[in-house]
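Just so it is clear: chains get the letters A, B, ... in the order the sequence lines come, proteins before strands, and each one is counted from 1.
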Number of protein chains: 2
Amino acid sequence: MKLSSKGRYAVMALVDLARFNEINPVSLRDISLRQGISLDYLEQIFSKLRKNEIVQSVRGTQGGYVLNKKAREIKLTNILDAVDEKVKTVQCKKELKKGCNGKPTKCLTHNLWDELETHINNFFDKKSLEDLVQDNLDRRV
Amino acid sequence: MKLSSKGRYAVMALVDLARFNEINPVSLRDISLRQGISLDYLEQIFSKLRKNEIVQSVRGTQGGYVLNKKAREIKLTNILDAVDEKVKTVQCKKELKKGCNGKPTKCLTHNLWDELETHINNFFDKKSLEDLVQDNLDRRV
DNA sequence: ATAAACCTGACTAAAATAGTCAAGTATCTT
DNA sequence: AAGATACTTGACTATTTTAGTCAGGTTTAT
Ligand code: FES
Ligand code: FES
């Protein structure tokens, strides 16, 4: 089980953005340079973040992106959802009334994965962007 | 972030095996039929489980596999490690003294993913095969 | 002898990932 | 008005990972 780059980049970029957010819009170019992420890829990611109302865009020169909410109110869950990086542990689809094995009963491990999903989402629900920025400042001192 | 089939199958197969373990070796063919997993694929998986001393093989007719330890002592961690399905959240390699961004300092999110990894592994460390079997019997009643 | 079952390694199709590329549009500065 | 900066969109592609398959064994109970 591996974390995708898209999810990592999204969070990384937002932490970067959040640090300068109070002052000015932050351009993707700057984030790209500071964090070493391809500009084109960042554009894809921010397009999704914007559609999910996590950031707002400011067009034109001196433009960039700004957070759309307080950093404290943006949870990791929201970010990962926005870029389609939700955790998905169970393989079966509930709308088809079938288990992952094709049979009508759930497989032997369904409950386990369901529990795991909850466990992971708890973690994501608790962490806010503010926590991350703060954690970073702490380390710097 | 998705769970791989290999990991799911490994756990599923072992739960199945554990239920009959006391009596006789369980053949992969039976597991294949009961759980709907390709026999060839199961063989790959059990080869790894055997090398990691989670199961023992009994060759010949009436052969099969047997647990190599008490179900209570086999944790999910052990199973997933054996089939190379460890969780891997950080992307950087510590032996190269570089962050995931190629720079000599860790990226803004390194700590976060590290925490997440710990959080997930806690879950896997606690759950034993016995828990899973028991959970399954409970549901059946 | 023969059939059941383990054992091994190589191979492959399909899906997901991690981007790139091209062609815009909007806004600010001068 | 011109030029530069920066967002916007959608299509395209190479690489990697996943999820198996396939072919050919070896071992052992009956
Ligand atoms: S994961 Fe839901 S039935 Fe197997
Ligand atoms: S994950 Fe370790 S430096 Fe980014």
statement: By nearest-heavy-atom nucleotide on DNA chain D, the more 5' of Tyr65(A) and Lys2(A) is Tyr65(A)
message: Nearest heavy atom decides the nucleotide; on that basis, is Gln44(A) or Leu28(A) closer to the 5' end of DNA chain D?
response: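 Its nearest nucleotide being more 5', the pick is Leu28(A).
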More than 12 heavy atoms of other residues, nucleotides or ligands under 6.0 Å from [atom1] of [X]: yes or no?
X        : atom1 : value
Lys75(B) : NZ    : yes
Lys6(B)  : NZ    : yes
Lys86(B) : NZ    : no

Would you be so kind as to tabulate the donor-acceptor pairs closer than 3.5 Å made by side chains of residues 111-120 of chain A, with sequence neighbours excluded?
from	atom 1	to	atom 2	distance (Å)
Trp113(A)	NE1	Thr109(A)	OG1	3.1
Glu115(A)	OE1	Lys127(B)	NZ	3.2
Glu115(A)	OE2	Lys127(B)	NZ	3.2
Glu117(A)	OE1	Thr89(A)	N	3.0
Glu117(A)	OE1	Thr89(A)	OG1	2.7
Thr118(A)	OG1	Asp114(A)	O	3.1

message: I need the residues from residues 8-20 of chain B with at least one non-hydrogen atom less than 4.0 Å from DNA chain D; give them sorted by number, or say none.
response: Tyr9(B)
Residue met sooner reading DNA chain C from 5', once Gly63(B) and Gly7(A) are mapped to nucleotides: Gly63(B)
- prompt: Which residue lies toward the 5' end of DNA chain C, Gln62(A) or Leu3(A), if each is placed at its nearest nucleotide?
  reply: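 Closer to the 5' end of DNA chain C: Leu3(A).
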message: Need one value for Phe46(B): base, sugar-phosphate or nothing, where a base atom within 4.0 Å counts as base even if backbone is also close, heavy atoms only.
response: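 No contact.
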- prompt: Among Leu14(A), Val26(A), Val66(A), which one satisfies side-chain contact (heavy atoms from CB on, under 4.5 Å) with Val55(A)?
  reply: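 Single pass found, and it is Leu14(A).
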query: How would you give the extent of chain B contacts on DNA chain D, as first and last nucleotide 5' to 3' within a 4.0 Å heavy-atom cut-off?
result: dA19(D) to dA29(D)
With [X] via side chain to side chain donor-acceptor pair (under 3.5 Å) - residues at least two apart:
X         : answer
Gln134(B) : Asp138(B)
Thr77(B)  : Asp125(B)
Ser32(A)  : none

Side-chain donor-acceptor pair present, Asn68(B), Glu53(B), cut-off under 3.5 Å: no
task: Check each residue of residues 50-58 of chain A for a non-hydrogen atom within less than 4.0 Å of any atom in DNA chain C, then write out the ones that pass by number, or none.
output: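 Listed by number, there are none.
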field: Contact boundaries on DNA chain C for chain A, cut-off under 4.0 Å to non-hydrogen atoms
entry: dA18(C) to dC28(C)
Could you tell me which residues satisfy salt bridge (Lys or Arg N to Asp or Glu O under 4.0 Å) with [X], sequence neighbours excluded, listed by chain and number?
X         : value
Lys48(A)  : Asp84(A)
Asp135(A) : none
Arg29(B)  : none

query: With sequence neighbours left out, which residue pairs that include part of residues 25-48 of chain B fulfil the ring-ring contact (aromatic ring centres under 6.0 Å, His included) condition?
result: Tyr9(B)-Tyr41(B), Phe46(B)-Tyr65(B)
